[in-house]
Amino acid sequence: MEKMSFAISQERGKHKDLQAFVGKWKGISRVWLEAGQLSDESPIEGTIEPVLDGRFLLHRYTTRFKDRDIEGLYLIGFDLQSNQFQVAWVDSFHMSTAIMFSKGNPNDQDFEVLGSFPDQQEPPQQWGWRTDMHFEGPDLVIIAYIITPTGQSGKATEIRYQPA
């Protein structure tokens, strides 16, 4: 099967689909540091804008965790060569000075990517991080699940955005 061109993807492919996320958003950010125990709920504001002629989206957001200000960036794309979504995520809370890279195969319902990061143990163990972005009516919902080295999964963060 021939690879889709970027121009065609903008017209009727995944690059066009990604444009649905573009906008200014306000909502609530929730964080769970332990399974089933909500650790914080704070207001969040974000923008998602196309960059590099629509090749990528840049999600920039600000929120808080308890008394701490948090900023974050997601660079979101769809690689036509590998036929996968790709995300690079940095923030001033979860990621410290690291960049988490995630990727995922397209499906018809949602945008979902999977990444990983090492813990602080010796030797370090890999933890997974699955991010799902979808719409519930006009609201954009971004949920991230942490996956332990043994494979157990639990909700870690949830952003519920409404158009600003």
Side-chain angles (χ1 to χ4, degrees), residues 1-32 41-65 69-117 126-147 153-164:
M1 183 164 124
E2 187 177 327
K3 297 283 182 190
M4 183 180 289
S5 74
F6 175 60
I8 292 172
S9 184
Q10 280 186 301
E11 200 176 285
R12 62 176 187 264
K14 291 299 176 187
H15 287 88
K16 179 180 183 206
D17 294 347
L18 285 173
Q19 296 307 305
F21 297 126
V22 171
K24 292 184 180 185
W25 303 94
K26 282 186 169 188
I28 298 294
S29 173
R30 295 178 179 93
V31 177
W32 290 262
E41 182 175 284
S42 296
I44 186 168
E45 292 187 16
T47 59
I48 301 176
E49 61 183 303
V51 294
L52 301 178
D53 296 323
R55 285 174 173 76
F56 304 96
L57 297 180
L58 179 62
H59 176 204
R60 180 183 307 261
Y61 63 90
T62 57
T63 187
R64 295 181 63 77
F65 178 79
D69 290 334
I70 298 173
E71 293 180 82
L73 299 171
Y74 281 80
L75 184 62
I76 302 165
F78 185 77
D79 178 31
L80 292 167
Q81 199 66 22
S82 67
N83 196 42
Q84 289 187 317
F85 289 111
Q86 297 178 342
V87 172
W89 176 42
V90 295
D91 77 351
S92 59
F93 179 64
H94 296 94
M95 294 307 302
S96 184
T97 60
I99 300 171
M100 185 183 338
F101 298 99
S102 301
K103 60 185 177 179
N105 295 321
N107 64 43
D108 292 335
Q109 291 83 28
D110 297 333
F111 169 95
E112 184 178 284
V113 293
L114 178 64
S116 65
F117 61 94
Q126 285 298 115
W127 288 66
W129 191 264
R130 180 172 55 90
T131 305
D132 171 54
M133 293 174 60
H134 64 275
F135 285 96
E136 292 179 8
D139 296 348
L140 175 57
V141 180
I142 305 170
I143 301 175
Y145 300 88
I146 194 159
I147 305 165
S153 178
K155 191 184 286 189
T157 65
E158 177 184 85
I159 296 170
R160 291 199 166 262
Y161 274 142
Q162 295 81 43

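Quick note: numbers below take in every heavy atom, side chains included, and nothing from hydrogens, waters or symmetry partners.
Here the side chains of Y61 and Y74 are in contact, with some heavy-atom distance below 4.5 Å. Inter-residue side-chain proximity for Y161 and D139 is flagged as unmet; no heavy-atom pair is nearer than 4.5 Å. Side-chain contact between P163 and W25 is present, with heavy atoms from C-beta onward closer than 4.5 Å. Two residues are said to be in side-chain contact when any heavy atoms from C-beta on lie closer than 4.5 Å; I147 and L114 meet this criterion. You'll find the side chain of L18 reaches within 4.5 Å of the side chain of F85, heavy atoms only. L57 places a side-chain heavy atom less than 4.5 Å from the side chain of Q19. With a 4.5 Å cut-off on side-chain heavy atoms, H94 and T157 count as touching.
Note: R30 CZ to T63 OG1 = 11.0 Å, rounded to the nearest 0.5 Å. Here the CD1 atom belonging to I28 is positioned 5.5 Å from the CD atom belonging to E41, to the nearest 0.5 angstrom. With rounding to the nearest 0.5 angstrom, the CG atom of N105 is 10.0 Å from the CD atom of E112. Separation of atoms CZ (F78) and NZ (K103) is listed at 13.0 Å; rounding is to 0.5 Å. Taking CZ of R64 as the reference point, atom OG of S42 lies at 7.0 Å (rounded to 0.5 Å). Atom CD of E45 and atom OG of S29 lie 12.5 Å apart (nearest 0.5 Å).
Around atom CD1 of I99, no more than 12 heavy atoms belonging to other residues, nucleotides or ligands sit under 6.0 Å away. No more than 12 heavy atoms of other residues, nucleotides or ligands sit less than 6.0 Å from atom CD of E71.
Each of D17, D132, I76 was scored for a side-chain contact (heavy atoms from CB on, under 4.5 Å) with F111, with one residue passing: I76. Checked options I142, L140, V22; the residue passing with H59 is I142 (criterion: side-chain contact (heavy atoms from CB on, under 4.5 Å)).
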- Apply side chain to side chain contact (heavy atoms under 4.5 Å, CB included) to L75 and V51, showing your working. CA-CA 9 Å; L75 184 62; V51 294; 4.2 Å; yes

- List the steps and the verdict of salt bridge (charged side-chain N to carboxylate O under 4.0 Å, His left out) for R60 and E49. CA-CA 9 Å; R60 180 183 307 261; E49 61 183 303; 5.1 Å; no

- Item | Check against side chain to side chain contact (heavy atoms under 4.5 Å, CB included), L58 and L73 | CA-CA 7 Å; L58 179 62; L73 299 171; 4.2 Å; yes

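Nearest approach of A20 to F135, heavy atoms of both residues: O-CZ, 3.2 Å. Residues Q162 and G27 share a closest heavy-atom pair of OE1-CA, 3.7 Å. Nearest approach of P106 to K14, heavy atoms of both residues: CB-CE, 3.4 Å. Counting all heavy atoms, side chain and backbone alike, A164 lies closest to K26 at CB-CG, 3.9 Å. Minimum interatomic distance between A144 and T131 (heavy atoms only, all atoms of both residues): CB-OG1, 4.1 Å. Shown here for P50 and G54, the closest heavy-atom pair between the two residues is CB-CA, 4.1 Å.
A distance-only check finds a donor-acceptor pair linking the side chain of S9 to the backbone of H15 [under 3.5 Å].
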